[in-house]
Participant: 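Provided herewith is a single structure, encoded as structure tokens, for subsequent inquiry.
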Amino acid sequence: MSQQLPAEIFKAYDIRGIVDKSLTADVVRRIGHALGSLALEQGQTAIAVGRDGRLSGPELAGALMDGICTAGCDAIDVGCVPTPVTYFAAYELGCNSCVSVTGSHNPPDYNGLKMVIGGTTLALDAIQDLKKRIENGHLKYGQGQRSTAHVLDAYVDKIVGDVKLARPMKIVMDCGNGVAGAIAPELFKRLGCEIVPLYCEVDGNFPNHHPDPSKPENLADVVKALKETDAEIGIAFDGDGDRLGVVTKDGEIIFPDRQLMLFAADVLSRVPGGQIIYDVKCTRLLAPWIKQHGGVPLMWNTGHALVKAKLKETGAPLAGEMSGHTFFKERWYGFDDGLYTGARLLEILARAVDANPVLKNLPNAPSTPELNIKMAEGEPFALIDKLKAEGQFPGAEEIITIDGVRVEYADGFGLARPSNTTPVVVLRFEANDDAALQRIQTAFRTALNTVWPGITLPF
């Protein structure tokens, strides 16, 4: 029974693959068996299972639950819900463990698993250990029971009970045909919003645009709707509802590191001296802003599972990533939740007569979006190792190597880090002005060409 599993589906923060190719129902059933076995070893007796709106979701979630029950662990089906609702189910149902069957923002032919066992999000070695457990046959056998539970109403009630808007707001809401569309319009109406809905019908073919608000082109319809209606702000969710995009009335995208400034100031007003965690891709304007508002900034590795682990370890009230994952521990559970983040955003903005100046007045600097160097499998890590060992950056004030190479200058920064999910090196640059931005990019160009001759750069 111990045939090999496709290694490429076992990613750093989750399991992900192409349906019916690397990710089959049989593979998912075997992973379920391993997850059930792991849960039982940790004294857990049940795992909640939710799925996003992908067409392959019902079959894969069914296979996963079959596997969980084969181990003798119970499986609780919470249905087609956003990933944060699956996380919520682990608390609400008291089972401490859950799996979301989701392909997040990937194309329609992808699916995957985000996994929490005993309150800990599985990542890195824990995910590789699952693969080894299956291949070595370290599995339990029993007869787990399968049941269903409905937690959507409890989730909506919990947010409506926590978040209060000082005035009604009219908002554009783009769900990108992702699973957030099943719940977000109702939630935000109950909070006191009038909605201009875009693509709120759940459709796993994603017929309108890719459900990824971190890419500006996917927010074009929000920008257009804000021009054509009297809505004052636009929000967008990714495919499984754990990330948020924000657009001002005049069409400016407020990237997640600037959203985090707004949330940090708000949270620190109630948690003075609190630690705020952010990933290495975020703006250098964040740390001084957090200090100015009485908080302690902490830069950390990119990756929702790694940020959640750090949040748990430090007890910080808030964390955020440039990709759009925001984690509220203050008043919430500490998991990434695009719907709750959207609610907290509107709570802050509703205190002002006009939401837009609040957002547009947040500190900003010339910067690039994420740039990617496409490479062969394994090469990005080799390149970054060489850059750490041999890269020369004259005039740098500090070189931070917790996750890739982030070079801080007096007037800006450059970053190169290996993606943990695809074979690319991710680059980002920011500076006080365009001249400094060019200079820092030139320094990186020189260093990258020196350590990896013949490399093709996207800048």
Side-chain angles (χ1 to χ4, degrees), residues 12 124 255-257 260-261 275-291 295-303 306-307 309-310 313-314 316 319-323 363-375 378-459:
L124 303 174
F255 285 107
D257 51 355
L260 192 61
M261 293 177 180
Q275 196 168 42
I276 311 293
I277 301 169
Y278 57 95
D279 78 320
V280 295
K281 292 193 280 189
C282 287
T283 172
R284 61 199 275 275
L285 304 175
L286 197 46
W289 171 274
I290 290 166
K291 287 177 188 161
V296 179
L298 175 65
M299 188 188 290
W300 196 241
N301 302 50
T302 293
L306 308 183
V307 174
K310 197 66 180 171
E313 178 197 318
T314 58
E321 283 192 280
M322 187 66 201
S323 61
N364 204 4
S367 67
T368 66
E370 275 189 27
L371 305 167
N372 291 338
I373 306 173
K374 291 186 171 62
M375 301 184 81
E379 285 186 347
F381 288 91
L383 167 58
I384 297 302
D385 286 344
K386 283 189 73 114
L387 198 62
K388 280 180 185 174
E390 302 164 24
Q392 298 293 312
F393 297 96
E397 291 198 331
E398 186 185 6
I399 297 179
I400 299 164
T401 57
I402 55 166
D403 183 3
V405 177
R406 177 167 164 145
V407 183
E408 297 278 352
Y409 297 89
D411 53 359
F413 84 89
L415 169 74
R417 63 172 290 275
S419 166
N420 278 312
T421 50
T422 48
V424 300
V425 171
V426 178
L427 303 161
R428 185 157 192 252
F429 302 96
E430 178 186 275
N432 293 352
D433 54 49
D434 290 332
L437 199 63
Q438 293 297 327
R439 192 195 79 244
I440 294 167
Q441 285 188 305
T442 300
F444 266 76
R445 198 178 289 118
T446 303
L448 287 163
N449 279 313
T450 304
V451 302
W452 204 277
I455 192 168
T456 307
L457 297 176
F459 65 97

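Start at 1 with the first residue, then count along the sequence.
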Participant: Would the distance check show the side chain of Trp289 and the main-chain N or O of Met261 forming a donor-acceptor pair, the cut-off being under 3.5 Å?
Facilitator: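 Confirmed, Trp289 side chain pairs with Met261 backbone.
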Participant: Give, for atom CZ of Arg406 and atom CG of Leu415, the distance between the pair rounded to the nearest 0.5 Å.
Facilitator: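 Here the rounded value is 7.0 Å.
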Participant: Which pair of non-hydrogen atoms, one from Met322 and one from Pro256, has the smallest distance, and what is that distance?
Facilitator: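 So the minimum-distance heavy-atom pair works out to O-CG, 3.3 Å.
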Participant: Under a 3.5 Å distance rule, please check whether Asn301 uses its side chain to pair with a backbone N or O of Leu306 as donor and acceptor.
Facilitator: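 Such a contact is absent between Asn301 side chain and Leu306 backbone.
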Participant: Could you walk me through whether Leu260 and Thr283 pass the side-chain contact (heavy atoms from CB on, under 4.5 Å) test, one step at a time?
Facilitator: CA-CA 10 Å; Leu260 192 61; Thr283 172; over 6 Å; no
Participant: Rounded to the nearest 0.5 Å, what separates atom CD1 in Ile373 from atom CG in Leu427?
Facilitator: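 Between atom CD1 of Ile373 and atom CG of Leu427 there are 4.5 Å.
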Participant: For Lys388, is the NZ atom crowded, meaning more than 12 foreign heavy atoms sit under 6.0 Å from it?
Facilitator: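 Count over threshold, so yes.
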Participant: Ala431 and Ala365: which non-hydrogen atoms are nearest, and at how many Å?
Facilitator: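 Shortest heavy-atom contact: O-CB, 3.5 Å.
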Participant: Is it the case that the side chain of Asp433 and the backbone of Ala435 share a donor-acceptor pair, with hydrogens and angles ignored and the cut-off at 3.5 Å?
Facilitator: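 Side chain of Asp433 to backbone of Ala435, a donor-acceptor pair under 3.5 Å: yes, one is there.
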Participant: NZ/Lys374 to OG/Ser419 distance, rounded to the nearest 0.5 angstrom?
Facilitator: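 Output value for this atom pair is 11.0 Å.
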Participant: For side-chain contact (heavy atoms from CB on, under 4.5 Å), just list the numbers for Leu448 and Leu457, CA-CA rounded to whole Å, side-chain angles, deciding distance to a tenth of an Å, and then say yes or no.
Facilitator: CA-CA 9 Å; Leu448 287 163; Leu457 297 176; 3.8 Å; yes
Participant: Inspect the contact between Asp257 and Lys281 and indicate whether a charged nitrogen and a carboxylate oxygen are less than 4.0 angstrom apart.
Facilitator: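 Salt bridge absent between Lys281 and Asp257.
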Participant: Would you name the heavy atoms of Asp411 and Ala436 that are closest together and state the gap between them?
Facilitator: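 Between these two residues, the closest heavy atoms are OD2-CB, 3.5 Å.
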Participant: With side chains defined as the heavy atoms from C-beta onward, is the minimum distance between Ile290 and Val296 less than 4.5 Å?
Facilitator: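 They are not in side-chain contact.
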Participant: Would you say that more than 12 heavy atoms from the other residues, nucleotides or ligands in this model lie under 6.0 Å from the CD of Glu390, or not?
Facilitator: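 Result for CD/Glu390: enclosed.
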Participant: Is any side-chain heavy atom of Gln441 closer than 4.5 Å to one of Thr368?
Facilitator: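 Yes, at least one pair of side-chain atoms sits under 4.5 Å.
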Participant: For a 4.5 angstrom cut-off between non-hydrogen side-chain atoms, does Asn432 reach Arg284?
Facilitator: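 SC-SC contact between Asn432 and Arg284 confirmed.
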Participant: I need the Gln392 CD to Ile399 CD1 distance, nearest 0.5 Å.
Facilitator: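 If we round to the nearest 0.5 Å, Gln392:CD and Ile399:CD1 are 8.0 Å apart.
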Participant: So Ile384 and Trp452, do their side chains get closer than 4.5 Å, heavy atoms only?
Facilitator: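 Not in contact.
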Participant: How far apart are the C-alpha atoms of Ile455 and Asn449, what are their side-chain angles, what is the distance that settles it, and do they pass the side-chain contact (heavy atoms from CB on, under 4.5 Å) test?
Facilitator: CA-CA 6 Å; Ile455 192 168; Asn449 279 313; 3.4 Å; yes
Participant: For the rings on Phe393 and Tyr409, is their centre-to-centre separation under 6.0 Å?
Facilitator: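 No.
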Participant: Within the side chain of Arg417, is there an N or O that forms a donor-acceptor pair under 3.5 Å with the backbone of Val426?
Facilitator: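 Side chain of Arg417 to backbone of Val426: no pair is present.
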Participant: Of the non-hydrogen atoms in Pro366 and Leu437, which two are nearest, and what is the gap between them?
Facilitator: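 Looking at all heavy atoms of both residues, the shortest contact is O-CD1, 4.0 Å.
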Participant: Would you name the heavy atoms of Cys282 and Gly320 that are closest together and state the gap between them?
Facilitator: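 Looks like SG-O, 4.4 Å.
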Participant: Which heavy-atom pair separates Pro458 from Leu371 by the least distance, and what is that distance?
Facilitator: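 Minimum heavy-atom separation between Pro458 and Leu371: CG-CB, 4.0 Å.
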Participant: Just how far is it from atom CZ of Arg428 to atom CZ of Phe459, taken to the nearest 0.5 Å?
Facilitator: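 If I round to the nearest 0.5 Å, the distance is 14.5 Å.
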Participant: Taking the six-membered ring where the residue is Trp, are the ring centres of Phe413 and Phe429 under 6.0 Å apart?
Facilitator: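 Between Phe413 and Phe429, the centre distance exceeds or equals 6.0 Å.
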Participant: Distance from Lys386 atom NZ to Leu383 atom CG, nearest 0.5 Å?
Facilitator: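 Between atom NZ of Lys386 and atom CG of Leu383 there are 9.0 Å.
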Participant: Which residue in the set Glu321, Lys310, Met299 passes side chain to side chain contact (heavy atoms under 4.5 Å, CB included) when paired with Asp279?
Facilitator: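 The side chain to side chain contact (heavy atoms under 4.5 Å, CB included) with Asp279 is passed solely by Glu321 among Glu321, Lys310, Met299.
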